[in-house]
Number of protein chains: 2
Amino acid sequence: MDRNRFADIHCSVSRAAGVAADPWTLLILRDLFLGLNRYEELRRDLGIATNVLADRLDRLVADGLAERHAYQDNPLRHAYRLTPAGRDLYPVLLTLLAWGDRHRSEGGPPLRLLHADCGHPAVPSLTCSHCGGALTPETTTAAPGPGGRAAPGTALVPGRLPTSLGPA
Amino acid sequence: MDRNRFADIHCSVSRAAGVAADPWTLLILRDLFLGLNRYEELRRDLGIATNVLADRLDRLVADGLAERHAYQDNPLRHAYRLTPAGRDLYPVLLTLLAWGDRHRSEGGPPLRLLHADCGHPAVPSLTCSHCGGALTPETTTAAPGPGGRAAPGTALVPGRLPTSLGPA
DNA sequence: TTCGGTCGCTTGCTACTTGCAAGTGATCCT
DNA sequence: AGGATCACTTGCAAGTAGCAAGCGACCGAA
């Protein structure tokens with residue numbers, strides 16, 4: 001799967017997917033958010049093959065989602081830290097978590113989120129930043145934007161729009 | 001990459017990632033949301049290899065995210081339609097889209113969302129369904145839930161919690 | 001009735017990716 | 001000196017991706 005291919009498709013979903021849509025990558029991001037940030041910690045937690053872990057960490061750094069920094073000299077040891085772009089993937093992780101809680105957790109969610117601001121269990125909900133209402137397929141419409149262009153991977157832009165994002 | 005492996009990890013992010021964390025799968029879901037729902041339409045739009053498309057569609061059906069239905073007899077032709085579980089992945093697509101718009105779109109977003117309820121361009125924002133406030137790594141805390149268990153892939157549950165989901 | 005075209009796939013081949021196991025080199029503690 | 005930890009790299013077997021070709025059922029035109 002050549003990942004540049006997804007970067008070249010003229011669609012933000014595709015470009016984001018090309019960077020983040022890999023199970024190991026997402027689990028590494030999850031662990032970085034949770035504070036596991038060293039190669040050995042990640043390997044032990046995830047049981048991931050070492051070459052794959054090295055590859056994914058390299059990719060995270062190359063893609064600008066994480067950065068390496070030395071946490072000690074002698075011996076020199078590095079840890080990984082999320083960049084702002086990496087931290088911006090937090091909503092992706094939370095929506096995946098919410099889906100998993102809803103559809104793949106008999107016996108209740110493995111992890112419960114608490115929202116510090118209100119002190120309650122946090123069930124993530126996707127809202128319109130303008131009016132605060134829920135964003136659902138039924139209440140959302142797509143139209144070509146300024147960066148839109150007719151291109152492979154984007155049947156939507158050429159002409160069939162504006163279209164509801166709901167199912168046909 | 002054995003996908004059952006991610007289903008077995010005791011974490012909703014992992015289980016959701018095992019199902020959805022594949023670029024082709026996400027692009028197929030995107031197209032299903034947009035109303036492209038036949039094999040040929042998907043193949044033409046995405047430029048995906050036919051065996052891979054067949055495989056991903058089978059997987060979507062097996063995972064309960066989509067279902068096949070005949071849209072005509074003579075000749076018998078099938079189309080794919082999202083199930084409720086598949087439609088529940090909408091927030092995942094929107095958060096990916098928002099990330100791509102923010103970090104991978106020089107020249108503006110390829111696609112603009114409109115929120116029908118308020119008539120404004122919709123910038124998705126993740127909020128707490130209890131208080132309506134933003135959910136960020138800084139304002140969120142994780143604690144083991146009822147389905148939590150010490151297991152590989154989940155260093156968080158065993159004991160180091162409760163922990164902020166912010167970076168270390 | 002034959003001819004080409006569409007649709008929804010499957011098969012075969014080659015090239016890349018994964019997972020596992022072993023090895024490496026630097027540094028530490030004993 | 002001997003073992004342990006950390007952060008990797010290398011080698012190999014097995015699985016997956018991409019491409020091209022083929023297939024069977026039907027359609028419409030000639």
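Note on naming: letters A, B, ... go to the chains in the order of the sequence lines (proteins, then strands), and numbering restarts at 1 for each one. Treat the numbers as computed from the prediction; the structure is a model and nothing was measured.
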message = With side-chain contact (heavy atoms from CB on, under 4.5 Å) as the criterion, how do B:Y90 and A:T140 come out once you've worked through the C-alpha distance, each side chain's angles and the decisive distance to 0.1 Å?
response = CA-CA 11 Å; B:Y90 192 64; A:T140 323; 3.2 Å; yes

Check: protein-nucleotides 14-17 of chain D nitrogen or oxygen pairs below 3.5 Å:
{"residue": "D:dA17", "atom": "OP1", "partner": "B:R56", "partner atom": "NH2", "Å": "2.5"}

Looking at [atom1] of [X] and [atom2] of [Y], how far apart are the two atoms once the value is rounded to the nearest 0.5 Å?
{"X": "A:D31", "Y": "A:D45", "atom1": "CG", "atom2": "CG", "result": "4.5 Å"}
{"X": "A:R68", "Y": "A:R81", "atom1": "CZ", "atom2": "CZ", "result": "12.5 Å"}
{"X": "B:W24", "Y": "A:M1", "atom1": "CH2", "atom2": "CE", "result": "9.0 Å"}

ask   = If you find the nucleotide of DNA chain D closest to B:I48 and the one closest to A:A79, which residue's nucleotide is nearer the 5' end?
value =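 First, find each residue's nearest nucleotide; the 5'-ward one identifies A:A79.
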
query = Got a sec, which pairs hit ring pair (Phe, Tyr, Trp, His ring centres under 6.0 Å) with one end in residues 58-82 of chain A, sequence neighbours left out?
reply =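 Passing the test, one end in residues 58-82 of chain A: no pairs.
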
query = According to the ring pair (Phe, Tyr, Trp, His ring centres under 6.0 Å) rule, which pairs have a member within residues 115-135 of chain A, sequence neighbours left out?
reply =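 Found A:H120-B:H130, A:H130-B:H120.
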
inquiry  = If the cut-off is 4.0 Å, is A:R38 near the phosphate of D:dT5, judged by side-chain N/O to OP1 or OP2?
reply    =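 A:R38 to D:dT5 OP1/OP2: no side-chain N or O under 4.0 Å.
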
inquiry  = Looking at D:dA7, I'd like to know if its phosphate oxygens (OP1 or OP2) sit under 4.0 Å from a side-chain N or O belonging to A:Y71.
reply    =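 So the side-chain polar atoms of A:Y71 do come within 4.0 Å of the phosphate oxygens OP1 or OP2 of D:dA7, strictly under.
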
ring-ring contact (aromatic ring centres under 6.0 Å, His included) partners of A:Y39, counting only residues at least two apart =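 By the ring-ring contact (aromatic ring centres under 6.0 Å, His included) rule, A:Y39 matches no residue at all.
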
message = If I take atom CD in residue B:E40 and atom C1' in nucleotide D:dC23, what distance separates them, rounded to the nearest angstrom?
response =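 Going from CD in B:E40 over to C1' in D:dC23 covers 15 Å.
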
Interatomic distance, A:Y80 OH vs D:dC6 P [rounded to whole Å] =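 Taking atom P of D:dC6 as the reference, OH of A:Y80 is at 14 Å.
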
ask   = Does anything in residues 88-101 of chain B pair up under salt bridge (charged side-chain N to carboxylate O under 4.0 Å, His left out), and if so which pairs, sequence neighbours excluded?
value =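 Salt bridge (charged side-chain N to carboxylate O under 4.0 Å, His left out) check on residues 88-101 of chain B returns A:R102-B:D88.
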
request  = Using modelled atom types only, decide if a donor and an acceptor are shared between the side chain of A:S14 and the backbone of A:F6 within a distance under 3.5 Å.
outcome  =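 Yes, A:S14 side chain to A:F6 backbone: donor-acceptor pair under 3.5 Å.
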
Contacts of [X] that satisfy side-chain hydrogen bond (donor to acceptor under 3.5 Å, both in side chains) - sequence neighbours left out:
{"X": "A:R43", "value": "A:E40"}
{"X": "B:T95", "value": "A:T95"}
{"X": "A:T136", "value": "A:E138, A:T139"}

Exercise answer: donor-acceptor pairs, residues 51-65 of chain B side-chain atoms, under 3.5 Å, sequence neighbours excluded:
{"residue": "B:R56", "atom": "NE", "partner": "B:D22", "partner atom": "OD2", "Å": "2.8"}
{"residue": "B:R56", "atom": "NH2", "partner": "B:D22", "partner atom": "OD1", "Å": "3.2"}

message = With heavy atoms of chain B within less than 4.0 Å as the criterion, where does contact along DNA chain C begin and end?
response =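 Here the contact window of chain B covers C:dT6 to C:dC20.
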
request  = Report the end-to-end axis angle of the helix from C:dT1-D:dA30 to C:dT30-D:dA1; each axis comes from five terminal pairs, and the value is rounded to 10°.
outcome  =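 Rounded value for the end-axis angle: 0°.
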
task = Remember a base hit wins even if backbone is also touched, and classify B:R68 as base, sugar-phosphate or nothing at under 4.0 Å, heavy atoms.
result =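 The residue B:R68 makes sugar-phosphate contact but no base contact.
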
Could you go through nucleotides 26-29 of chain D and list every protein N or O atom that sits under 3.5 Å from one of its N or O atoms, giving the distance for each pair?
{"residue": "D:dC27", "atom": "OP1", "partner": "B:N74", "partner atom": "O", "Å": "3.4"}

